[in-house]
Amino acid sequence: MAPSGSGSIKRGCQRVLYWIPVLFISIIVAWSYYAYVVQLCIESIGNIGEKIVCLLAYHLFFTMFAWAYWKTIFTKPMIPLKEFHLSYADKELLEREDRGETQQEILRRIAKDLPIYTRTMSGAIRYCDRCQLVKPDRCHHCSVCDKCILKMDHHCPWVNNCVGFSNYKFFMLFLAYSLLYCLFIAATDLQYFIKFWTNGLPDTQAKFHIMFLFFAAAMFSVSLSSLFGYHCWLVGKNRSTLEAFRAPAFRHGADKNGFSLGYSKNFRQVFGDEKKFWLLPIYSSLGDGCAFPTCLVNQDAEQPPTPAGHNPIAKNPGDAHQFPAKPLRESQSRLLNSGQSWTESERGQDKDKHGTSNPAMTIENET
């Protein structure tokens, strides 16, 4: 009982420590609100018109920043659907068997009915032994959350959350609005910051808030601009941070541009088709996080060659074992298109159409 109790205390302390960066950001933002609204706008700005404009614009940026930050923090990361988890019987078989051939057959049987095109660098099926599931494409196991996260980008300590499929749009908007928030503060505070150095301000408490407010806003603007620019580049290339460091491997080999469909479709995959939702922290991303269209066509050696100039488009869930060179809207939610996914009849059709997976494929655990 003692080890279990000590483990619970340790996990509790870790959870508290993980919130320190979020608390730090919250304190900085709360101070900036007081410094800008009270000390700058109310106490220092004399022109009524300028004061009203600054207050209205500031509260707009502040509201959007706080909204996006809240959604990034408290949107739970999505985990793979139950179809990717091993059944109890398969778990027993996998744990009981020591022979690689038998284990290989178990994973091949499970994976052949799933929309999976990526492999490990050695060509094996991506399997997580901690979560006991076959990993969907672009899914990775987070060591902090201790679970597999769909389209995991990274675990961000500043939001105490995994940034992945469910909240990547919110994270992008958080970066954008936090950058605009800091730039607005720095721009409107600049003239009063100059007056501070030229002794143009009365010697009050406000002058010190004005000075530190400009320094803080300028410093955060520099760091946020580089981070936001990097993630804009990732969105344009349809890559996650993890994929930027290590290209996803398909059956024909690694391909850093395997999921890129062109800038427009890459952008819409994250922000959705409805333009009215692009600037709002409202979920509008396309797909279900388990299946993604690729720009690859018939790279699987087991599939028949495609005639030149012809790009096959999967028109029903049974045609999922080709690399789907299809428009983004047609790729949405393969797992959710019908009320019941992977019925026995569909599995039978897949088996007849595609046969078995690569017999040379081996098991490789990837965490």
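All values below were derived from every heavy atom in this structure, side-chain atoms included, with hydrogens, water molecules and symmetry-related copies excluded. Residue numbers count from 1 along this sequence.
In this structure, K71 contributes its side chain and N167 its backbone to no donor-acceptor pair below 3.5 Å. Within the 3.5 Å criterion, the main-chain N or O of T118 finds a donor-acceptor partner in the side chain of D137. Counting only distance, with no hydrogens or angles, the side chain of N161 and the backbone of T75 share a donor-acceptor pair below 3.5 Å. In terms of modelled atom types and a separation under 3.5 Å, the side chain of N257 and the main chain of S260 share no donor-acceptor contact. Listed for the K51 side chain is a donor-acceptor partner under 3.5 Å among the backbone atoms of I45. Proximity of a side-chain donor or acceptor of T72 to a complementary backbone N or O of F170 within less than 3.5 Å is detected. Between the S178 side chain and the L175 main chain, a donor and an acceptor come within less than 3.5 Å of each other.
With contacts defined as side-chain heavy-atom distances shorter than 4.5 Å, the pair F259/R138 qualifies. Two residues are said to be in side-chain contact when any heavy atoms from C-beta on lie closer than 4.5 Å; C142 and M152 meet this criterion. Within the 4.5 Å cutoff, the side chain of E274 has no heavy atoms near those of the S284 side chain. Between H59 and V37, the closest side-chain pair of non-hydrogen atoms falls below 4.5 Å. At least one side-chain heavy atom of N238 sits less than 4.5 Å from a side-chain heavy atom of Q269. Within the 4.5 Å cutoff, the side chain of P136 has no heavy atoms near those of the L114 side chain. Counting heavy atoms from C-beta outward, F165 and F292 have side chains that approach closer than 4.5 Å. Contact annotation: the side chain of L150 never approaches that of P77 to less than 4.5 Å [non-hydrogen atoms, C-beta and beyond].
In terms of heavy atoms, I125 sits closest to A111 at CD1-CB, 3.7 Å. C290 and L81 make their closest contact through SG-CG, 3.9 Å (heavy atoms, listed as atom of the first residue, atom of the second, distance). Across all their heavy atoms, L173 and A68 have their closest contact at C-CB, 3.9 Å. The nearest pair of heavy atoms linking L234 to S240 is CD2-O, 4.0 Å. K169 approaches I282 most closely through the heavy-atom pair NZ-O, 2.6 Å. The shortest heavy-atom contact between K76 and S166 is O-OG, 3.0 Å.
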Run the ring pair (Phe, Tyr, Trp, His ring centres under 6.0 Å) check on W31 and F212 step by step: do they pass? CA-CA 11 Å; W31 167 77; F212 289 114; 7.5 Å; no
Worked check of side chain to side chain contact (heavy atoms under 4.5 Å, CB included) between Y283 and F277: CA-CA 8 Å; Y283 182 82; F277 296 130; over 6 Å; no
Do H154 and F171 pass the ring pair (Phe, Tyr, Trp, His ring centres under 6.0 Å) test, and can you show the C-alpha distance, the side-chain angles, and the key distance before you say yes or no? CA-CA 11 Å; H154 68 287; F171 178 74; 5.3 Å; yes
Where do S32 and Y181 land on the side-chain hydrogen bond (donor to acceptor under 3.5 Å, both in side chains) test, with the steps shown first? CA-CA 10 Å; S32 70; Y181 178 77; 2.7 Å; yes
Quick one, I185 with L213, criterion side chain to side chain contact (heavy atoms under 4.5 Å, CB included). Give me CA distance, side-chain angles, the key distance, then yes/no. CA-CA 8 Å; I185 290 177; L213 184 64; 3.6 Å; yes
Apply side chain to side chain contact (heavy atoms under 4.5 Å, CB included) to H231 and M172, showing your working. CA-CA 7 Å; H231 278 277; M172 286 293 297; 3.4 Å; yes
From CA spacing to verdict: side chain to side chain contact (heavy atoms under 4.5 Å, CB included), C162, V144: CA-CA 9 Å; C162 254; V144 179; over 6 Å; no
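Rounding to the nearest 0.5 Å gives a distance of 12.0 Å between CD1 of I210 and CG of L190. In this structure, SG in C148 is found 13.5 Å from CE in M78, a value given to the nearest 0.5 Å.
Under 3.5 Å, the side chains of Y33 and Y58 contain no donor-acceptor pair of N or O atoms. Side-chain contact check for D153 and T241: at least one donor-acceptor pair (N or O, by modelled atom type) lies under 3.5 Å. At a cut-off of 3.5 Å, with distance as the only test, no side-chain donor of R239 or N266 sits close to an acceptor on the other residue. Side chain to side chain, D146 and H141 meet the donor-acceptor criterion of an N or O pair below 3.5 Å.
Linking ILVMFWY side-chain heavy atoms closer than 4.5 Å, directly or via other members, places L23 and W19 in two distinct hydrophobic clusters. Under the 4.5 Å side-chain heavy-atom criterion for Ile, Leu, Val, Met, Phe, Trp and Tyr, I20 and V29 are members of distinct hydrophobic clusters. Cluster annotation: V222 and L179 are assigned to distinct hydrophobic clusters (Ile/Leu/Val/Met/Phe/Trp/Tyr, side-chain heavy-atom contacts under 4.5 Å, transitive).
Residues H209 and Y36 keep their aromatic ring centres 6.0 Å or farther apart. Less than 6.0 angstrom separates the ring centroid of F193 from the ring centroid of F214. A distance below 6.0 Å separates the ring centres of F184 and F61.
For S87, the side chain to side chain donor-acceptor pair (under 3.5 Å) partners at least two apart in sequence or on another chain are D90. Applying the side chain to side chain donor-acceptor pair (under 3.5 Å) rule to W158 yields no partners; only residues at least two apart in sequence or on another chain are considered.
Judged by the 6.0 Å distance and 45° axis criteria, K151 is positioned over the aromatic ring of Y168.
Classification of the F74-W70 ring pair by plane angle, with boundaries at 30° and 60°, yields tilted.
Open room surrounds NZ on K237; 12 or fewer heavy atoms of other groups in view lie less than 6.0 Å from it. At most 12 heavy atoms of other shown residues, nucleotides or ligands fall within 6.0 angstrom of atom CZ in F24. Environment of NZ in K91: crowded, with over 12 heavy atoms of neighbouring residues, nucleotides or ligands closer than 6.0 Å.
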